[in-house]
Each structure stands twice: as structure tokens, then as C-alpha cells.
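I have placed the structure first, in the form of C-alpha cells, so that the comments after it can refer back to it.
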Amino acid sequence: MEIELSSRRLTLFKAGHRLRSWTVAVGAATTPTPTGRTFLMAVLSPPNPTYTPLILPLGMHSTTLDSFDGGPSTIALHGWPDASVFGQAVSHGCVRIPATALRVLSRIPLGSSVLVTA
């Protein structure tokens with residue numbers, strides 16, 4: 001998986017071949033999505049979902065926040081109910097993805113490589 005922050009695009013690859021691509025929302029200027037190599041760490045179902053039915057944490061943390069919403073500042077992929085955010089830099093560092101992307105990405109193997117580029 002590759003997340004290009006400048007184009008606000010998430011692309012899923014398999015064996016070097018592009019499978020799917022989506023426009024996403026990324027971190028705002030004051031709470032940017034960190035760059036680098038990481039991995040898909042888990043697929044979590046919040047007990048009381050509000051904005052997303054699933055959260056896909058990555059093996060990276062915010063470079064500007066020490067904690068978020070009572071927990072560590074882990075960067076994650078998650079859904080968002082308002083599609084107008086896609087293509088924007090508006091989050092606290094997480095990558096907000098469309099519902100179709102969330103369904104597809106929740107089925108890829110844990111530990112899969114994620115590259116976040118500027």
C-alpha cells in the first residue's frame with residue numbers, strides 16, 4: 001500500500017501491480033500524517049462506533065501529538081461519514097478513507113507494508 005500525501009491518494013498494490021486507488025483525507029498542516037515505511041498493525045471494531053465501523057492502525061505515531069482521545073497517538077486508516085473531506089488535509093494525522101476502501105483494506109493481511117510519502 002502507498003499513501004501519497006501531496007496527491008492525497010492511497011493505492012493498493014499486489015506483487016507490484018496496482019489493484020485499486022482512492023482519494024483520501026490526510027493530516028492537517030498542524031497535525032500532519034507522518035511519512036515513512038510502516039505496516040498494517042490491526043483491524044479493530046470500535047465497541048461504540050461513531051464515525052467509522054473499523055479502524056486500521058498503522059505501526060507509526062503522530063510527530064506532533066503525544067496522545068489523542070485518551071490513547072496513544074497511533075496513526076490509523078479509518079472511514080469518515082462525510083465524503084467532502086476526501087482530497088483535503090484536515091485530520092489529526094490519520095488517513096480518512098472511503099467506505100469501499102475500508103472494506104477492501106480490512107481484508108489485506110496484517111503486517112502488510114505501507115509506504116507514506118510526501
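Reckoned from all heavy atoms, side chains included, excluding hydrogens, waters and symmetry mates.
The environment of CG in D82 is crowded: more than 12 heavy-atom neighbours from other residues, nucleotides or ligands sit within 6.0 Å.
For T23, the side chain to side chain contact (heavy atoms under 4.5 Å, CB included) partners are R9, F86, not counting sequence neighbours. Shown here are the ring-ring contact (aromatic ring centres under 6.0 Å, His included) partners of H61, two or more places apart in sequence or in another chain: there are none.
Annotation: ring pair (Phe, Tyr, Trp, His ring centres under 6.0 Å) contacts involving residues 95-118, sequence neighbours excluded, are absent.
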> Does the side chain to side chain contact (heavy atoms under 4.5 Å, CB included) test come out yes or no for L110 and L40, once each step is laid out?
Replying inline: CA-CA 5 Å; L110 297 182; L40 180 63; 4.1 Å; yes

> Is there a side chain to side chain contact (heavy atoms under 4.5 Å, CB included) between L10 and L77 once you walk through the steps?
Replying inline: CA-CA 10 Å; L10 185 152; L77 309 176; 4.2 Å; yes

>> Let's go through I3 and V114 carefully: what are the C-alpha distance in whole Å and the side-chain angles of both, what is the deciding distance for side chain to side chain contact (heavy atoms under 4.5 Å, CB included) to 0.1 Å, and is it a yes or a no?
In response: CA-CA 7 Å; I3 302 166; V114 179; 3.9 Å; yes

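V85 and A25 make their closest contact through O-CB, 3.3 Å (heavy atoms, listed as atom of the first residue, atom of the second, distance).
Within the hydrophobic cluster formed by Ile, Leu, Val, Met, Phe, Trp and Tyr side chains joined at under 4.5 Å, directly or through other members, L65 is accompanied by F68. Here F13 sits alone; no ILVMFWY side chain lies under 4.5 Å from its own, so it joins no hydrophobic cluster.
Under a 3.5 Å cut-off, the side chain of T31 and the backbone N or O of G27 do not form any donor-acceptor pair.
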Identify every side-chain donor-acceptor pair in residues 42-50 under 3.5 Å, counting partners at least two apart or on other chains, and give the distances.
none

